[in-house]
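Each residue takes its place number in the sequence, starting with 1. Keep in mind the model is a prediction, meaning the values are calculated, not measured.
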Amino acid sequence: VLRDVRPDMVGISTMTVFAASARRISRIVKQELPQAWVVWGGPHPTSCDREVLEGDSVDFCARREGEETMLDLVGALESGKRDDFSGLLGLSWRNAEGRCVRNPERPLVKNLDAMPHPDKDNVILPAYYDPSHFNNTFTARGCPFKCNFCAQDKVWSRVVRYRSLPSIRDEVERMVDRWGFTQINFMDDTFTADKARTREIAQYMKSRKLTWNCYTRADCLTEDLVKEMADGGCTEMGLGLESASDEMLKHMVKDETLAEIERAMRWCQDAGMLLHMFVMTGLPDEKEEDFKKTLSFMQQFKNVDWSF
């Protein structure tokens with residue numbers, strides 16, 4: 001692909017768990033196209049930009065929300081800038097001495113409706129992608145909770161910014177009309193943080209006879225809300241268990257109890273939803289007894305997709 005397309009710039013979004021793979025890809029890019037610019041974005045380079053810029057396989061890091069930073073960077077490079085990128089907010093770069101320069105943060109996008117919808121037509125080698133990769137969308141950015149294992153506040157902050165319902169409808173309609181999707185994946189960190197808004201989206205999805213799934217927290221659900229979501233076409237729900245030890249949940253600053261999580265799980269199953277549950281182990285202070293509680297809890301539920 002690199003030899004055929006010969007891009008001037010390659011952007012790689014990565015979390016820490018995929019950073020080693022992203023580094024290998026960056027080295028391949030530089031081997032094949034030494035003059036191409038390599039830019040990393042996402043949670044890992046937002047937090048570890050200095051480490052990322054060590055060596056010469058990555059040229060820039062677009063921290064936090066990267067859309068406007070990338071536009072400014074492309075504009076600067078097209079204008080011939082090569083040595084000084086100090087005026088570009090949200091950018092980390094390597095100066096002539098090889099030192100990482102971390103420019104000031106760029107303010108977060110206030111009006112998400114002003115952001116264009118992703119151009120999913122402009123995909124190289126679409127045959128290599130599962131069609132389900134194209135029916136993802138975010139209706140909001142940010143999460144108000146303080147779980148200490150999560151990096152979302154480093155990228156999007158704890159202030160939730162919502163897209164308007166017309167904006168969401170416009171994108172969903174295009175996904176249905178252009179690609180024929182009948183299932184939509186809402187990728188928000190906490191989809192049901194605003195319950196009234198969730199009900200409005202569910203009603204719209206029902207009117208379009210679409211199925212959908214989302215991720216949220218147990219304490220952001222009620223039994224009535226789960227029923228309304230299921231009636232509105234929600235077939236799958238992703239929740240974080242993390243641990244069946246209340247002591248570990250306190251260590252994580254999860255601000256939920258095992259009883260709350262179990263109750264929400266049963267609501268979802270009673271409503272006919274497939275549950276995707278997320279579990280963590282190996283955290284500081286976790287004891288063997290804590291992990292055994294988690295395994296025992298998992299065995300109480302059937303037809304649940306567990307992810308570690």
Listed by chain and number, what are the side chain to side chain contact (heavy atoms under 4.5 Å, CB included) partners of T257, not counting sequence neighbours? D246, A259, E260
May I ask you to check whether over 12 heavy atoms, not counting those of F278, lie within 6.0 Å of atom CZ? yes
Between R63 (side chain only) and S47 (backbone N and O only), is there a donor and an acceptor less than 3.5 Å apart? no
Are K206 and D231 ion-paired here, with the side-chain N under 4.0 Å from a carboxylate O? yes
S243 side chain vs S245 backbone, donor-acceptor pair below 3.5 Å: yes
Any pair counted as salt bridge (Lys or Arg N to Asp or Glu O under 4.0 Å), so long as it reaches residues 133-145, sequence neighbours left out: E65-R141, E67-R141
Ignoring hydrogens and geometry, is there a side-chain-to-backbone donor-acceptor pair from T211 to T235 under 3.5 Å? no
With sequence neighbours left out, the residues meeting ring pair (Phe, Tyr, Trp, His ring centres under 6.0 Å) with F145 are none
Any donor-acceptor pair under 3.5 Å linking the side chain of T46 with the backbone of G42? yes
Say whether Y215 and L275 are linked into one hydrophobic cluster, either directly or through other cluster members, by side-chain heavy-atom distances under 4.5 angstrom. no
Results of side chain to side chain contact (heavy atoms under 4.5 Å, CB included) for M280 - residues two or more places apart only: F149, E242, L283
Listing request: all side-chain hydrogen bond (donor to acceptor under 3.5 Å, both in side chains) pairs with a residue in residues 78-89, at least two apart in sequence or in separate chains. D84-S86
Look only at the side chain of E256 and the backbone of A218, and say whether a donor-acceptor pair between them is shorter than 3.5 Å. yes
Is there a continuous path of hydrophobic side-chain contacts, each under 4.5 Å between heavy atoms, that joins W267 to L225? yes
Any donor-acceptor N/O pair, D153 side chain to R158 backbone, under 3.5 Å: no
Just grab all the salt bridge (Lys or Arg N to Asp or Glu O under 4.0 Å) pairs involving residues 88-100, residues at least two apart or on different chains. D59-R94
What's the verdict on salt bridge (Lys or Arg N to Asp or Glu O under 4.0 Å) for R208 and E173, showing C-alpha distance, side-chain angles and the deciding distance? CA-CA 9 Å; R208 294 293 281 113; E173 293 296 334; 2.7 Å; yes
Are M273 and M277 connected in the hydrophobic side-chain network, where two residues link if heavy atoms are under 4.5 Å apart? yes
Sort and list the pairs that fulfil salt bridge (Lys or Arg N to Asp or Glu O under 4.0 Å) and have at least one residue in residues 263-279, not counting sequence neighbours. E262-R266
Non-neighbouring partners of T69 that pass side chain to side chain contact (heavy atoms under 4.5 Å, CB included), sequence neighbours left out: A62, L91, R106
Answer yes or no: is there a donor N or O on one side and an acceptor on the other, between the side chain of T198 and the main chain of D194, under 3.5 Å? yes
Working for salt bridge (Lys or Arg N to Asp or Glu O under 4.0 Å), residues D121 and R174: CA-CA 11 Å; D121 283 322; R174 175 167 172 73; 2.9 Å; yes
Pair E289 + K287, salt bridge at N-O below 4.0 Å: no
Suppose the criterion is ring pair (Phe, Tyr, Trp, His ring centres under 6.0 Å): which pairs have a residue in residues 82-112, not counting sequence neighbours? F60-F85, F85-W93
Is a donor on one side and an acceptor on the other found under 3.5 Å between the side chain of R64 and the backbone of P107? no
Please report, to 0.1 Å, the donor-acceptor pairs under 3.5 Å made by any side chain of residues 292-303, with sequence neighbours excluded.
unit_1: K292; atom_1: NZ; unit_2: E288; atom_2: OE2; d: 3.4
unit_1: T294; atom_1: OG1; unit_2: A244; atom_2: N; d: 3.0
unit_1: T294; atom_1: OG1; unit_2: D290; atom_2: O; d: 3.3

Determine yes or no for a side-chain-to-main-chain donor-acceptor pair under 3.5 angstrom, with D188 supplying the side chain and A140 the backbone. yes
Answer yes if the ring centres of F181 and W212 are under 6.0 angstrom apart, and no otherwise. no
Between F138 and W156, is a side-chain contact (heavy atoms from CB on, under 4.5 Å) present by the stated rule, with each step listed? CA-CA 12 Å; F138 286 85; W156 283 346; 3.4 Å; yes
Taking atom types as modelled, find out whether R23 and S26 have a side-chain donor-acceptor pair closer than 3.5 angstrom. no
Given the rule in the salt bridge (Lys or Arg N to Asp or Glu O under 4.0 Å) test, do K30 and D56 qualify, once you have shown the distances and angles that lead to the verdict? CA-CA 9 Å; K30 289 296 188 181; D56 56 5; over 6 Å; no
Only counting residues at least two apart or in another chain, list the ones meeting side chain to side chain contact (heavy atoms under 4.5 Å, CB included) with C100. D49, R50, L53, S92
In the structure I gave you, are the side-chain heavy atoms of S164 and L112 within less than 4.5 Å of one another anywhere? no
Report yes or no: does N148 contribute a side-chain atom to a donor-acceptor pair with the main-chain N or O of H251 at less than 3.5 Å? yes
May I ask whether W306 and L274 are part of the same hydrophobic cluster, defined by side-chain heavy atoms of I, L, V, M, F, W, Y residues being less than 4.5 angstrom apart, directly or through others? no
Less than 3.5 Å apart, any donor N or O on the side chain of R197 or T139 sitting next to an acceptor on the other? yes
What pairs of residues pass the side-chain hydrogen bond (donor to acceptor under 3.5 Å, both in side chains) test when at least one of them lies in residues 8-20, not counting sequence neighbours? T16-H44
Do F308 and L258 sit in one hydrophobic cluster, given that two such residues count as connected whenever their side-chain heavy atoms are within less than 4.5 Å of each other, even indirectly? yes
Polar contact flag, side-chain donor to acceptor under 3.5 angstrom, T281-E286: yes
